[in-house]
Amino acid sequence: MVSDPASQASPDAAGAPRTDVDKALLGGSTYRSLTELGSGADERFERGRRLVGWFLAPLVSVVFYFLPLDLASDQQSLAAVLLGVVVLWICEPIPIPVGGLIGVSAIILLGVAPSGDVLAPFGSSTVFTFIGAFILAAAMLKHGVAQRVAYFILGLPGVGRSTVRTIIAFGAVTCVLSAFISNTATVAMLMPTAMGILAVIARLMQDQGVVRPDFDPLRLRVGAALMLMLAYGASVGGLLTPVGSPPNLIGRGLIEEATGERISFGQWMVMALPICAIMFAVLAVVLILVNKPEIRRIEGVEEYIRERRAEQGPMGRAEKNTVIAFLVTVVLWLIPAVVGLVAGTDSSTYASVSDRLDEGVSAVIGASLLFILPISWKRQEPTLTWKDAAKIDWGTILLFGTGIIFGALLASTGLAETIGNGASDTLGISSTFAITVFAVVLAILISETTSNTASAAVVVPIIIPLAVAAGVDPLVPAMGATFAASMGFMLPVSTPQNAIVYGTGAVPMTRMIRSGVTFDVIGAVVIVALIGVMVAVAGIGG
């Protein structure tokens with residue numbers, strides 16, 4: 001996005017070339033794809049990874065299918081298909097959801113199970129939770145509710161006067177929003193605001209003589225810290241609720257399918273809140289230490305935020321309707337947890353309420369309100385049109401359904417038990433702690449080279465049978481793998497939000513790697529240390 005700084009500069013009072021900060025930071029799109037960056041290494045990596053997938057996926061499946069192994073025919077057929085799908089997910093020669101659908105089709109064609117049984121998980125409650133949550137998020141983005149929340153927090157007294165407080169506040173905004181809106185959508189929505197704040201800071205540094213007149217504003221440490229806080233804060237905040245990130249719902253669905261243990265919305269939040277809070281505090285410290293801002297005191301950010309809020313004006317009917325629908329959904333999600341705390345999770349009252357206020361039903365009720373509550377009775381204009389709703393991430397919904405299908409078939413064919421016994425004998429790990437460490441490390445490593453969603457779909461089905469074979473309750477290791485799947489902070493290819501902030505040009509690869517590997521390690525330690533305790537505190541499995 002930025003070429004030679006001199007080409008964007010104008011002479012200052014002393015005749016020295018002066019960078020046009022607005023043109024450098026705001027003159028074009030705030031997002032550039034990896035191929036648009038002109039970074040040959042990144043493009044070559046992507047092309048190579050996908051090319052390998054085209055040949056490796058069918059080769060692995062065919063070879064494993066015909067190997068003379070001591071496995072039941074349905075187990076060997078399922079394993080052959082799963083191996084090919086895993087390669088497709090990791091290498092991504094085709095879209096990840098399509099890889100899952102190909103795998104499901106192959107399973108039915110090979111006669112592993114009847115089509116009705118195989119496809120049943122597509123009608124699960126969690127699929128409807130996905131649909132409802134995605135529709136609500138679409139309304140929040142369309143009508144500017146999420147942007148209003150961001151400006152409100154950044155406009156709090158004193159926040160805009162310090163680079164450190166601005167970075168931390170921006171991260172807090174991102175965390176809160178990404179708990180209910182997809183991580184990628186949150187980052188894409190807040191990116192223009194982040195670039196605007198960076199432009200204000202860069203101009204101030206230029207005027208104060210902190211940098212040379214012809215400096216490159218895309219190479220400021222404060223810019224790297226702000227952008228990385230945006231990307232990483234979304235991943236941390238996405239852990240807070242089951243709907244915050246696709247790996248959460250995929251992991252939870254696989255755990256419930258394998259163990260029969262139901263994890264409510266409230267239980268998830270009780271378990272995740274301390275982990276998220278600690279990880280956010282660690283994130284703030286790591287990013288500010290690794291990318292120490294050039295200046296601490298700043299002026300102008302508060303004015304910038306005030307101008308943006310003035311442009312928004314008062315809340316309109318569409319925003320108010322969206323907030324109503326969102327609050328109704330959250331209340332319905334939390335009612336069973338409240339009833340459980342008052343009457344006990346073993347009571348008939350809790351059983352009746354939780355069955356009727358199923359999370360999928362609650363999400364659909366809230367989303368339906370968006371089509372009922374009008375912006376204008378006279379024009380019969382709803383808060384959200386079906387055209388808007390149809391644009392939600394159906395690919396993630398399909399991927400979730402295929403992931404649950406694979407998990408169910410692993411159990412029903414006995415392949416999960418076979419894998420678990422084999423892995424237990426080979427690895428020699430038999431304690432909850434050791435299996436949890438293995439699960440967390442494996443999930444982080446996979447998420448660095450492929451999507452977080454694929455990481456959860458690949459790792460959780462491996463960890464559950466491994467724990468069962470070792471005689472360990474799989475709940476804690478599987479939850480550890482689910483949380484760790486949202487790590488992946490080192491590379492632009494690790495998550496879409498990483499790619500977005502890298503695409504701004506404000507985050508050099510070396511800074512992303514340094515910051516990311518530090519937070520990967522600390523995040524793994526936090527998850528391993530706390531996940532078992534918080535599962536017990538939330539009353540899951542006990």
Side-chain angles (χ1 to χ4, degrees), residues 74 77-79 81-82 84-86 88-89 94-138 182 242-265 329 333 355-368 386 389-413 415-416 451-461 464 478 482 485:
D74 58 345
S77 298
L78 176 60
V81 172
L82 280 177
V85 171
V86 168
L88 290 176
W89 283 348
I94 57 177
I96 289 178
V98 176
L101 291 176
I102 290 174
V104 170
S105 302
I107 286 169
I108 295 173
L109 290 173
L110 291 174
V112 175
S115 59
D117 296 341
V118 171
L119 298 175
F122 277 120
S124 71
S125 170
T126 310
V127 169
F128 288 94
T129 303
F130 261 125
I131 294 172
F134 284 177
I135 291 175
L136 285 165
S182 87
V243 299
S245 182
N248 297 355
L249 281 172
I250 289 174
R252 188 181 71 159
L254 291 169
I255 291 168
E256 291 180 346
E257 181 75 27
T259 66
E261 181 65 40
R262 184 173 181 179
I263 305 172
S264 71
F265 195 94
T329 306
W333 276 338
D355 286 341
R356 298 186 183 190
L357 283 184
D358 176 85
E359 286 175 14
V361 172
S362 299
V364 169
I365 290 173
S368 298
W386 183 247
K391 297 175 183 178
I392 66 174
D393 188 2
W394 292 104
T396 296
I397 295 169
L398 291 174
L399 178 59
F400 169 78
T402 56
I404 295 298
I405 286 173
F406 295 144
L409 289 172
L410 280 167
S412 63
T413 61
L415 181 59
S451 76
N452 295 345
T453 305
S455 177
V458 169
V459 177
V460 176
I464 291 175
T482 300

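What you see is a predicted model; the values in this text were computed from it and never measured. These numbers come from the heavy atoms of this one structure, side chains and all, not from hydrogens, waters or symmetry mates.
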Nearest 0.5 angstrom please: Leu110 CG to Leu78 CG, how far? 9.5 Å

Distance col, row Leu101:CG vs Leu398:CG, nearest 0.5 angstrom, shows 5.5 Å

Short side-chain to backbone donor-acceptor contact, Arg252 and Pro242, under 3.5 Å: no

CG of Asp117 to CD1 of Ile107: how many Å apart, nearest 0.5 Å? 12.5 Å

CZ (Phe128) with more than 12 external heavy atoms under 6.0 Å: no

Here the pair of heavy atoms bringing Ala106 nearest to Val81 is CB-CG2, 4.0 Å

Distance, nearest 0.5 Å, that separates CD1 of Ile135 from OG1 of Thr329: 10.5 Å

Which atom of Ile405 lies closest to which atom of Leu119, heavy atoms considered: CD1-CA, 4.2 Å

Any donor and acceptor pair, going by atom type alone, linking the side chain of Glu256 with main-chain N or O of Ile263 inside 3.5 Å? yes

Which heavy atom of Pro461 sits nearest to which heavy atom of Ala456, and what is that distance? CD-O, 3.7 Å

Sequence neighbours left out, what passes salt bridge (charged side-chain N to carboxylate O under 4.0 Å, His left out) with Arg356? Give chain and number order. none

Any non-hydrogen side-chain atom of Val85 less than 4.5 Å from a side-chain atom of Ile102? no

Within the structure provided, determine whether Val364 and Ile131 are in side-chain contact (heavy-atom separation under 4.5 Å). no

Stepwise side-chain contact (heavy atoms from CB on, under 4.5 Å) test for Leu409 and Ser412: CA-CA 5 Å; Leu409 289 172; Ser412 63; 3.9 Å; yes

Are the side chains of Val118 and Ser115 in contact, using a 4.5 Å heavy-atom criterion? no

Val460 side chain reached by Ile464 side chain, heavy atoms, under 4.5 Å: yes

